[in-house]
Amino acid sequence: MRRTTTRMRLVNALTAPAARARRDPDKVFDRLLAAQRSDLDGAVITEEDERSLEDLRGFLRHIAAVESLSGVGWLSVHDMAATRIRNLFHVRRLQARHPEATRERIEAPVFVIGLPRTATTLTHKILANAEGGRGPYMWEMDNIGLPRSEEEEARLRRRTQRKLDQILTLSPSWGRIHPVRADWVEEIYFLLNQSRLHNTMASMPGYVAFMRTYDARPDYRFVRDALQILQYRRPARRWMLKHPDCLAETAAIHDVFPDARFVWTHRDPHTVMGSMCSMAESLAYLHNRPSSVDPHLIGRTWLEILPEMVERARRERTRMPREATVDVAYHAMMADPFHHVPELFEQLDLKWTDADERNLADALDRPRDQRGHEYSMAHYGLEPAMIDEAFGDYGLFVDNMTAKR
């Protein structure tokens with residue numbers, strides 16, 4: 001599977017001078033921050049916001065210290081930080097102009113959680129297209145705002161799509177692993193400052209350690225604030241949300257959204273590990289010099305992160321109401337989706353309609369685009385026994401759950 005194109009080498013050469021700015025990430029961050037502070041327009045930046053900004057600065061320091069980071073990688077990270085800062089200040093400006101938006105109720109949102117590559121994307125898209133359901137579109141998270149004209153929305157969708165197309169020209173494998181379009185519902189990764197999935201860009205042991213004690217509640221309070229803006233003056237629908245890191249942050253989510261429901265998709269961790277490492281490898285090639293990408297390091301990194309995420313989620317679910325979490329067995333659902341998906345709708349108090357039947361059929365067609373996604377555990381230095389030891393009895397839990405179905 002091709003991870004990059006010849007164009008990548010050219011773009012990296014052209015962006016190398018700009019990437020020298022990573023030698024002083026604080027200067028870069030201060031410049032991004034100053035651009036937003038120069039036009040507050042009534043926005044109130046709270047102490048919690050300031051702490052969140054400093055945590056984002058900390059992430060920029062972690063990634064800037066990665067020696068192998070390429071020109072494309074640095075510009076990608078720079079754009080990510082700039083977007084997060086811009087979104088925070090923009091939401092605060094909109095709240096100042098429209099304080100009534102802060103009273104929008106985000107009722108019983110559904111968070112699709114699970115290890116990466118466990119059909120969370122498929123499940124999310126089906127739920128987001130349900131009658132009365134709603135998911136954030138990629139272009140919306142890139143341009144948080146109040147309702148716009150059809151012409152303005154079309155312009156913003158095109159602008160976001162151009163950015164996505166640029167990535168696909170550099171990494172053809174990414175379009176097979178995680179197809180994305182500006183007008184599709186997408187993960188809330190683009191609303192979160194911190195995420196263990198940042199480690200797909202490069203191995204950052206210090207950042208992994210930071211995330212073990214990180215308080216994610218401010219991140220999810222910002223998600224709530226952004227959703228209120230996206231809901232304001234629009235038909236109120238039930239939000240369907242998703243991001244792999246949500247699996248490790250169910251306690252923070254429950255604190256911010258006490259009536260949230262969790263749909264936890266489960267799959268054999270042996271399969272998950274190979275697929276996750278393949279995704280991380282594609283992103284590593286996108287962000288680093290190709291000669292520096294070490295598949296075995298990728299394997300070790302994610303064999304550390306993913307079991308910890310599962311353990312946190314299993315521990316936290318015992319502290320929440322039993323009905324807060326709905327378990328979905330990947331293999332059972334994929335074997336008979338037209339039975340298990342309507343069953344899931346019923347568990348979430350959603351009405352199953354003929355339109356949902358058609359949406360499910362359409363959604364099941366899309367994974368065919370990913371058949372070029374090939375991987376093997378051995379390529380990442382992983383053996384079955386290593387995965388069994390790392391995940392403990394979780395593999396048995398998944399097997400028993402599938403057997404019961």
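Just so you know, these numbers come straight off a predicted model, no measurement behind them. Worth knowing before you read on, the calculation uses all heavy atoms, side chains too, and leaves out hydrogens, waters and symmetry mates. Along the sequence shown, residues carry numbers from 1.
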Could you give me the CA-CA distance, side-chain angles and deciding distance for E186 and V180, then say whether side-chain contact (heavy atoms from CB on, under 4.5 Å) is met?
CA-CA 8 Å; E186 191 47 72; V180 61; 3.1 Å; yes
May I have the step-by-step check of side-chain contact (heavy atoms from CB on, under 4.5 Å) for M320 and T250, ending in yes or no?
CA-CA 9 Å; M320 291 186 284; T250 53; 4.1 Å; yes
Does the pair H266 and M333 meet the rule for a side-chain contact (heavy atoms from CB on, under 4.5 Å), with working shown?
CA-CA 10 Å; H266 302 274; M333 184 177 74; over 6 Å; no
Verdict with reasoning, L303 to Y380, per side-chain contact (heavy atoms from CB on, under 4.5 Å):
CA-CA 10 Å; L303 192 60; Y380 302 104; over 6 Å; no
Steps toward salt bridge (charged side-chain N to carboxylate O under 4.0 Å, His left out) verdict (E187, K242):
CA-CA 5 Å; E187 300 178 354; K242 178 242 179 186; 2.5 Å; yes
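Of the possible polar contacts, none joining the Q36 side chain to the F89 backbone as a donor-acceptor pair under 3.5 Å is found. With T301 contributing its side chain and L297 its backbone, the two residues share a donor-acceptor pair below 3.5 Å. At least one donor-acceptor pair closer than 3.5 Å links the side chain of T160 to the backbone N or O of L156. Without hydrogens or angle criteria, R162 side chain to R157 main chain gives no donor-acceptor distance under 3.5 Å. The closest donor-acceptor contact from the side chain of D219 to the backbone of L192 lies at 3.5 Å or more, if one exists at all. Under a 3.5 Å cut-off, the side chain of D255 and the backbone N or O of A251 do not form any donor-acceptor pair. Checking side-chain atoms of H90 against main-chain N and O of G145 turns up no donor-acceptor pair under 3.5 Å.
For N288 and S70, the side-chain atoms include no donor-acceptor pair closer than 3.5 Å. Side-chain atoms of H379 and E281 include a donor-acceptor pair closer than 3.5 Å. Judged purely by distance below 3.5 Å, without hydrogens or angles, the side chains of R117 and S275 pair a donor atom with an acceptor atom. A donor atom on one side chain and an acceptor atom on the other are not found under 3.5 Å apart for R84 and Q194. Using a 3.5 Å distance cut-off with no hydrogens or angles, the side chains of H287 and S76 do pair a donor with an acceptor. Using modelled atom types, one finds no donor on one side chain facing an acceptor on the other under 3.5 Å when comparing R148 with N143.
Between F345 and D356, the closest side-chain pair of non-hydrogen atoms falls below 4.5 Å. Contact of the F262 side chain with the V112 side chain is not registered, since no non-hydrogen atoms from C-beta on lie closer than 4.5 Å. Counting heavy atoms from C-beta outward, M211 and D245 have side chains that approach closer than 4.5 Å. Counting heavy atoms from C-beta outward, R267 and L115 have side chains that stay 4.5 Å or more apart. Contact annotation: the side chain of D349 approaches that of R261 to within less than 4.5 Å [non-hydrogen atoms, C-beta and beyond]. Contact of the N87 side chain with the D142 side chain is not registered, since no non-hydrogen atoms from C-beta on lie closer than 4.5 Å. You'll find the side chain of L306 reaches within 4.5 Å of the side chain of P116, heavy atoms only. Between T200 and M276 the shortest side-chain heavy-atom distance falls below 4.5 Å.
Shortest non-hydrogen contact noted between R237 and G132 is CB-O, 3.2 Å. For R289 against L69, the heavy-atom pair with the smallest separation is NH1-O, 4.4 Å. Nearest heavy-atom pair across L122 and L364 is CD2-CD2, 3.9 Å. Heavy-atom minimum distance, P136 versus I188: CG-CG2, 4.1 Å. Among all heavy-atom pairs drawn from G135 and V185, the shortest one is O-CG1, 3.6 Å. Taking every heavy atom of both residues into account, S292 and S68 meet most closely at OG-CB, 3.1 Å.
Pairs engaging residues 48-60 under the side-chain hydrogen bond (donor to acceptor under 3.5 Å, both in side chains) rule: D26-R57, D30-R57, R37-E50, T46-D49, E48-R221, D49-R92, E54-R57 [sequence neighbours left out]. Contacts classified as ring pair (Phe, Tyr, Trp, His ring centres under 6.0 Å) and involving residues 108-134 (residues at least two apart or in different chains) are given here: F111-F257. The ring pair (Phe, Tyr, Trp, His ring centres under 6.0 Å) pairs that include a residue from residues 203-229 are F59-Y207, H62-Y207, H198-Y207, Y207-F210, F210-Y214, where partners are two or more places apart or lie in different chains.
To the nearest 0.5 Å, atoms CG (L241) and CG (L227) are separated by 5.5 Å. The line from CD1 of I45 to CG of L53 is 7.0 Å long, rounded to the nearest 0.5 Å. If you take CG on L56 and CG on L88, they are separated by 9.5 Å, rounding to the nearest 0.5 Å. Atom-to-atom distance recorded for I144:CD1 and F190:CZ is 12.0 Å, nearest 0.5 angstrom. In this structure, CG on L247 lies 8.5 Å from OG1 on T118, to the nearest 0.5 angstrom.
For R233, the salt bridge (Lys or Arg N to Asp or Glu O under 4.0 Å) test picks out no residue, with sequence neighbours left out. Residues that satisfy the ring pair (Phe, Tyr, Trp, His ring centres under 6.0 Å) test with W239, not counting sequence neighbours, are absent from this structure. Taking R158 as the reference, nothing meets the salt bridge (Lys or Arg N to Asp or Glu O under 4.0 Å) condition, with sequence neighbours excluded. Applying the side-chain hydrogen bond (donor to acceptor under 3.5 Å, both in side chains) criterion to R134, with sequence neighbours excluded, gives E140. Shown here are the side-chain hydrogen bond (donor to acceptor under 3.5 Å, both in side chains) partners of R238, two or more places apart in sequence or in another chain: there are none. With sequence neighbours left out, the side chain to side chain contact (heavy atoms under 4.5 Å, CB included) criterion links A236 to Q231. Not a single ring pair (Phe, Tyr, Trp, His ring centres under 6.0 Å) links H296 to another residue, sequence neighbours left out. R212 pairs by the salt bridge (Lys or Arg N to Asp or Glu O under 4.0 Å) definition with E304, E308, not counting sequence neighbours.
When the shell of 6.0 Å around CG of D39 is examined, it contains more than 12 heavy atoms from other residues, nucleotides or ligands. Taking a 6.0 Å sphere around CD of E357, one finds it holds more than 12 heavy atoms contributed by other residues, nucleotides or ligands.
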Under 3.5 Å, which donor-acceptor pairs do the side chains of residues 381-392 form with other protein atoms, sequence neighbours left out?
unit_1 : atom_1 : unit_2 : atom_2 : d
D388   : OD1    : H270   : NE2    : 2.9

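A salt bridge links R314 to D393: at least one charged side-chain nitrogen sits closer than 4.0 Å to a carboxylate oxygen. A salt bridge is defined here as a Lys NZ or Arg NE, NH1 or NH2 lying under 4.0 Å from an Asp or Glu carboxylate O, and E249 with R312 meets this definition.
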